[in-house]
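Working notes, beginning with the structure itself.
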2 protein chains.
Amino acid sequence: MATIYDVAKQAGVSAATVSRVVNGRASVDTALAARVQQAMRELDYRPNALARNLRRRQTSIWAVVISDIGNPFFTSMVRGIEDVAQGAGYSVVLCNSDEDAAKEARYVAAALEEQMAGVIISSAGRAANVNRLIEAGTPVVAIDREVRGAAVDTVLVDNEHGAELAVEHLIEAGYERIACIGGPRRLPTAQQRLRGYQRALRAHRRPADDELVRHGDYRQEGGYQAMAALLDEGERPDAIFAANNLMTIGALECLADRGISVPDRMGVVGFDDIPWAHLVRPSLTTVAQPTYELGRTAALLLAERIAEPSRPPSTVTLRTELKVRASSNRPSVA
Amino acid sequence: MATIYDVAKQAGVSAATVSRVVNGRASVDTALAARVQQAMRELDYRPNALARNLRRRQTSIWAVVISDIGNPFFTSMVRGIEDVAQGAGYSVVLCNSDEDAAKEARYVAAALEEQMAGVIISSAGRAANVNRLIEAGTPVVAIDREVRGAAVDTVLVDNEHGAELAVEHLIEAGYERIACIGGPRRLPTAQQRLRGYQRALRAHRRPADDELVRHGDYRQEGGYQAMAALLDEGERPDAIFAANNLMTIGALECLADRGISVPDRMGVVGFDDIPWAHLVRPSLTTVAQPTYELGRTAALLLAERIAEPSRPPSTVTLRTELKVRASSNRPSVA
DNA sequence: GTGAAAGCGCTAACAC
DNA sequence: GTGTTAGCGCTTTCAC
């Protein structure tokens with residue numbers, strides 16, 4: 001690989017001048033610049049990013065640490081990030097932590113060691129990882145999940161309100177014993193959605209026993225097991241609110257296996273939309289999140305923080321929207 | 001951030017010794033090593049990967065360039081890669097090319113400039129990108145999609161055979177006019193699956209007009225439009241074979257919108273499994289690919305190539321498997 | 001506007 | 001087994 005010195009020699013200038021041309025900085029005489037360009041083409045010169053990174057003390061890459069690449073929720077979020085990043089001259093790489101705090105820590109360490117230009121993170125765990133980044137001066141934005149104990153720019157959705165809407169909708173549809181398949185207790189989104197569920201029940205004076213709540217792992221399998229537990233233990237609910245998309249799928253699977261018909265004998269509303277929600281029979285009522293916007297907003301915040309590292313952190317909360325489809329349509333009792 | 005010299009001073013040794021301790025290379029006296037460890041802890045020393053990368057002339061990161069992060073096919077493939085990478089001491093970052101050759105080229109350029117330790121690529125385009133990597137000496141493995149005109153380690157599935165099985169299954173189920181929703185003509189996987197479709201039809205002396213073939217973009221929307229075209233133009237088919245998972249979903253959506261019942265009036269078989277295939281009603285018959293194994297195998301090949309750069313490239317082909325579910329179950333005509 | 005020179009933080013000969 | 005030394009390829013003062 002040709003170095004900047006090879007180009008300099010070929011063009012009969014100094015390495016500094018080549019550097020200026022490459023980076024479009026300072027003013028270089030037009031004729032000289034042309035000669036440099038020519039030399040670069042002849043030698044198929046590609047700047048060595050490693051050297052540049054060392055010198056500049058950072059890369060031009062953003063790391064996006066997501067907690068489950070298998071969740072379609074992240075798909076369009078990532079697109080939103082990419083579209084902004086590209087416009088701002090950054091590349092985006094994805095790191096999949098798989099809801100595993102150790103894996104997440106490894107990726108954060110890598111981002112730190114590689115001196116990534118910025119990190120957008122949907123954290124599986126506590127504040128330690130995020131604080132590590134902040135202390136090292138790496139610009140960070142938390143996305144989807146609030147990070148308690150860290151002063152960090154954050155983009156969220158109104159989880160509690162979304163959950164409340166979902167459960168109110170089930171109540172208004174005439175369901176009476178509404179259960180909840182909650183997410184991992186440690187995750188803020190799970191806590192907020194559970195609160196929304198409880199609030200709606202209390203507001204309408206419905207039973208809100210703990211017996212009606214089971215916790216899953218935000219995965220399909222967890223939704224299946226939570227649903228099974230709700231069916232097998234105690235008095236059976238006639239509707240469920242599931243706190244994320246994959247668990248909703250798992251719950252439906254369980255109901256199908258047991259031959260329990262939705263929405264007649266069990267109303268279902270899920271949190272998070274899924275691209276194929278209307279293909280599932282019956283089509284699924286969901287609390288949809290503005291995923292693309294979520295990504296876009298996080299990327300914009302990151303760009304702003306990079307430009308102005310000392311500004312106070314801000315939190316942006318985006319609205320969810322209840323999409324009523326067939327799975328919550330209780331046949332009226334004649 | 002503390003540097004290696006700070007640690008050396010603190011421990012009363014040379015930077016070289018610290019480096020040896022950090023990298024676990026060569027033998028360092030136990031007592032000295034302990035002092036160094038201690039100093040590292042005291043200073044919260046983190047090696048600067050940028051400097052190390054420059055010196056070593058490569059990072060310890062593998063880039064995985066995938067063509068559509070929204071396709072669940074890639075999910076478990078990536079897990080397969082990650083599991084091997086981690087064992088071999090590499091981090092994995094994902095780059096989403098979105099089936100866009102220009103975006104792919106940008107990521108390849110980034111991988112080159114950042115001197116990634118290796119690249120696993122599911123290429124959206126032609127050989128140029130892959131050859132660029134090979135010429136620069138970056139170890140590469142092609143995954144899922146063969147790259148013509150590049151001598152590169154490759155992991156594939158038996159697309160043609162899988163498609164053939166799918167179509168034969170439809171024939172045996174009693175369907176008569178079997179259409180195909182093919183993928184983008186330029187993609188080898190699409191070509192192979194189309195060939196398998198045609199071969200099965202010819203072998204059973206069924207009509208194989210071009211009128212029965214439409215091409216989509218491997219996205220849901222493309223599947224929807226191709227299905228609509230098949231329904232609206234010419235003689236209507238009674239079964240379809242769709243060349244990938246997202247297009248299958250799109251086709252089903254179209255059929256649902258038109259009120260055409262599956263499998264009675266239209267048999268459906270898709271290529272690529274989807275995690276929720278059995279939740280879609282009717283449950284979906286698919287040609288399943290060993291996605292995790294695909295990723296694992298690619299990662300192993302990459303590790304081997306890194307260890308032995310000059311060995312001749314090899315191609316591994318994994319088997320697909322037909323999973324018969326309800327969508328291809330034609331009611332026998334009494 | 002351009003060049004000389006120093007150095008980012010690390011590793012790997014090489015000498016001892 | 002340990003230290004000295006010379007870069008990796010680039011950017012950026014600082015002179016001119």
Side-chain angles (χ1 to χ4, degrees), chain A residues 1-37 39-40 43-61 89 109-110 112-117 136-138, chain B residues 1-37 39-40 43-61 89 109-110 112-117 136-138:
Chain A
M1 286 271 264
T3 75
I4 204 169
Y5 286 102
D6 300 328
V7 176
K9 189 186 284 177
Q10 175 100 348
V13 298
S14 75
T17 299
V18 177
S19 172
R20 287 178 188 120
V21 172
V22 169
N23 295 292
R25 289 208 213 303
S27 38
V28 176
D29 184 87
T30 329
L32 267 199
R35 247 159 64 206
V36 171
Q37 298 280 13
M40 292 201 295
L43 299 173
D44 190 26
Y45 170 71
R46 309 177 157 276
N48 180 329
L50 264 32
R52 167 190 288 161
N53 293 343
L54 173 58
R55 182 60 226 231
R56 295 225 260 249
R57 316 176 123 201
Q58 67 161 235
T59 67
S60 60
I61 295 179
L112 226 44
E113 288 173 9
E114 303 283 341
Q115 321 223 4
M116 298 291 193
T138 303
Chain B
M1 288 269 263
T3 74
I4 203 168
Y5 287 102
D6 300 328
V7 176
K9 190 185 285 177
Q10 174 102 347
V13 299
S14 75
T17 298
V18 178
S19 173
R20 286 178 189 119
V21 171
V22 169
N23 296 291
R25 289 209 213 303
S27 36
V28 177
D29 183 87
T30 328
L32 266 198
R35 247 161 62 208
V36 170
Q37 299 280 12
M40 292 201 295
L43 299 172
D44 189 26
Y45 169 71
R46 307 179 157 275
N48 180 328
L50 264 32
R52 168 190 286 162
N53 292 343
L54 175 58
R55 181 61 225 224
R56 293 227 260 247
R57 315 174 128 217
Q58 66 162 242
T59 66
S60 60
I61 295 180
L112 226 44
E113 287 172 11
E114 303 283 340
Q115 320 222 5
M116 298 291 193
T138 303

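Protein chains get the first letters and strands the later ones, always in sequence-line order, with residue 1 at the start of each. Since the model is a prediction, treat every value here as computed from it, not as a measurement.
Proximity of A/E114 to A/I61: side-chain heavy atoms (C-beta onward) are nowhere separated by under 4.5 Å. Inter-residue side-chain proximity for B/V18 and B/Y5 is flagged as unmet; no heavy-atom pair is nearer than 4.5 Å. In this structure, the side chains of B/R35 and B/V13 come closer than 4.5 Å at one or more pairs of heavy atoms. B/L50 places a side-chain heavy atom less than 4.5 Å from the side chain of A/T59.
Rounding to whole angstrom units, CG of residue A/D29 and C1' of C/dG3 are separated by 15 Å.
Note on B/T17: a side-chain N or O is less than 4.0 Å away from OP1 or OP2 of D/dG3.
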Can you give one letter per nucleotide of nucleotides 7-16 of chain C, going 5' to 3': B for a protein heavy atom under 4.0 Å from the base, S for sugar-phosphate only, - for none? BBBBBBB---

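For A/R57, the side-chain contact (heavy atoms from CB on, under 4.5 Å) partners two or more places apart in sequence, or in a different chain, are A/Q115.
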